[in-house]
Amino acid sequence: MQAIRKLAHFLKPYWLWAILAPLAMLVEVVMDLTQPQMMQRIIDNGVAARDMNYVLMSAGLMIVFALIGAIGGIGCTIYTFKASQGFGADLRAGLFRKVQTLSFRNLDQFDTGQLVTRLTNDVTQMQEAVAALLRIMVRAPLLMIGSLIMAILTAPQLAFIPFALIPLVLAGVWWIISRAYPLYGEVQTRLDSLNTVMQENLAGVRVVKAFVRAGKEIERFGAANVNLTNQLIKVARVTAVTMPMMMILMNVGVAGVLWFGGNQALAGVMHIGQIVAFVNYLQQTLMSLLMVSMLVLQVSRAAASAQRIEKVMDSTPDVQNKPTALREFAPRGRVAFENVTFSYDGHAGDPVLKDITFVAEPGQTVALLGSTGAGKSSLVHLIPRFYDVTGGRVTIDGVDVRDIDQTVLHRNIGIALQETVLFSGAIRDNIRYGHPGASDEEVIAAAKAAQAHDFITGMPDGYDTQLGQRGVNLSGGQKQRIAIARALLIKPTVLILDDSTSAVDVETEVEIQAALVEAQSERDQTIFVIAQRISTVLNADKILVIEDGQIAAQGRHAELLVSSPIYRDIYDSQLGSGNHGGNGENGHE
Ligand code: CTP
Ligand code: MG
């Protein structure tokens, strides 16, 4: 419930609709309440007295009242729709905005499937609860109490019947809700699982095909699907009792009215019209009571959804700007790691990086080499503050990265992530993703440096070629080169290429490197290159050999060949022994 209150402010812009809806409903309820009264009058005063004029007049009046009620009802529906849909849209947008602010560490905590469920199904649950509240919150209690009063006024002798039935209905509804409610939480969890399987499969459908796992994946999806269905059936089995139970109780009530009322009518102390009106009021009372109960159930369901949404809304990005963060910062690009320790689970976990200390001077190229899982990507992710260090500090021009405004920091760092992600849309827009205002010349220059210009212009639509989702109509190396161009375009002070040429042939890689060196000399760019191929790092100003989260050795190629056995091993395994001459043995440069 608290979560609902916290999210209630999303309804604020729609307060006018949210007030008008119950008011319009009030009109409908009042009109509804007059109907049994009118019926009674027609029967007792008109039909009994064979007064046709009176019957027609009253019937006409009934229709007029019904019309007024209908207008109120329609108004209520429209206002409710405006308020609840607006609320839902804003909540969805707010949630989406929140997801955008989450840090890498926050995002590690949510499956994409979970986020999808929250953005869609959970928001819909809340939106429907708001709609139900606006429509029923006023209607049902008013109608219930109004009908009860009218029933008593109509035939006080029969008043004991509703009072006997109300506790029975309440007991029945309580029985249903207390059984159904716990089942609903599980529905959302199973929906999460289903969405996770679905999302993984849609994203990874090519891998599924490649490994002929379609059968297994269909099974996995089927299992999640059946799980969800079973749970929904379980809920339905409980809630299915509702209407039959109501009908039985209601008919018991009607039978009671007819029995006691009939006797009194025969004795001449009661009119037929009174009995008809009383039956109507009784039915309205009990149905309204049921509606109130169902509303309680729906709101408590929405509370579960609200909690799940709040969990996302509430997660504070652990990487945040300090109030004093530097907003003006034009660094030269001296990146220093000072005794940096880092663990993905904060201080508790095993450190992935241990006591890393090195300096990258402006204009230098620092290469990171090391076996898979050694911590290379983790290391460079600390520079743009994707994660914060656990110990020590990372500085740019002597300023701790935690003291720099993130937008400013990111504007100075161009990064091509290890896993290339492109967006659907034109190639041009993908390249200028970090700087949408870039001119065509700038886009082309970046593409040329990344050795992407030729293959782009070779495509029928050139830079306007539309990429499918995740850039599927490009080769792996082509995607990588667009990602490099994207990083180059923002003309960063610090450029980070995380294994960005792994899918590019050696010759193209050499050309990219040459272009980088050229750009570097213009701007004194500091470049970090992570590479598997030793040929990529031969000319680096500094090579860091990362072993098990530590710097096992650092220096230039020639120094490391002498001083570091690990480096020599890597070198020998890739380029063969007896070839320790230094630069250029691939025939390039
Ligand atoms: N790791 C983790 N949580 C992440 C990313 C990585 O716990 N979100 C762990 C990995 O399990 C690994 C270690 O951190 O043991 C280092 O990972 P990483 O820095 O990505 O290694 P790389 O050296 O970049 O490995 P590769 O060459 O395969 O990219
Ligand atoms: Mg990596």
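Every number for a ligand or one of its atoms is a count from 1 in the order of the listing. Just so we're clear, the structure is a prediction, and the values are computed from it rather than from any experiment.
Among protein heavy atoms, the minimum distance from atom 19 (O) of ligand 1 is reached at S378 OG, 2.4 Å. Counting protein heavy atoms only, atom 20 (O) of ligand 1 is closest to S377 CB, 3.6 Å. For atom 13 (C) of ligand 1, the nearest protein heavy atom (residue, atom name, distance) is V352 CG1, 3.6 Å. Of all protein heavy atoms, the one lying nearest to atom 29 (O) of ligand 1 is Q418 NE2, 2.7 Å.
Counted by atom type alone, T501 and E509 present one or more donor-acceptor pairs between their side chains at under 3.5 Å.
Backbone and side-chain nitrogen or oxygen atoms of G370 are examined, and none is located within less than 3.5 angstrom of a nitrogen or oxygen of ligand 1. Where the criterion is an N or O separation shorter than 3.5 Å, residue side chain and backbone included, G373 meets it with respect to ligand 1.
The NZ atom of K376 sits 5.0 Å away from atom CD of Q532, with the distance rounded to the nearest 0.5 Å. Going from atom CD1 of I404 over to atom NZ of K322 covers 10.5 Å, rounded to the nearest 0.5 Å. Once rounded to the nearest 0.5 Å, the distance linking OH of Y571 with CG of L561 reads 6.0 Å. To the nearest 0.5 Å, atoms CG (D499) and CD (E419) are separated by 12.0 Å.
Proximity of R105 to V319: side-chain heavy atoms (C-beta onward) are nowhere separated by under 4.5 Å. Counting heavy atoms from C-beta outward, F104 and R385 have side chains that stay 4.5 Å or more apart. When side chains are defined from C-beta on, F455 counts as touching R481, because their heavy atoms get closer than 4.5 Å.
Considering each of R105, E419, K376, the one bringing a non-hydrogen atom nearest atom 23 (O) of ligand 1 is K376. Taking each of F342, F104, Y344 in turn, the one with a heavy atom nearest to atom 1 (N) of ligand 1 proves to be Y344.
Contacts between T372 and ligand 1 below 4.0 angstrom, taking non-hydrogen atoms only, involve backbone and side chain alike.
When atom types are taken as modelled, the side chain of Q520 and the backbone of Q364 share a donor-acceptor pair closer than 3.5 angstrom. With N473 contributing its side chain and L467 its backbone, the two residues share no donor-acceptor pair below 3.5 Å. For the pair K479 (side chain) and L474 (backbone), a donor-acceptor distance under 3.5 Å is absent.
Around the Mg ion (ligand 2), protein N, O or S atoms at a distance under 2.8 Å total 2; waters are neither shown nor counted.
Ion pairing between a basic and an acidic side chain is recognised when a charged N comes within 4.0 Å of a carboxylate O; R327 and D405 show such pairing.
In this structure, atom 11 (O) of ligand 1 has its sub-4.0 angstrom surroundings free of protein heavy atoms.
The shortest separation from a heavy atom of A374 to ligand 1 is under 4.0 Å, placing the residue in contact. Ligand 1 is approached by Q532 to a heavy-atom distance shorter than 4.0 Å.
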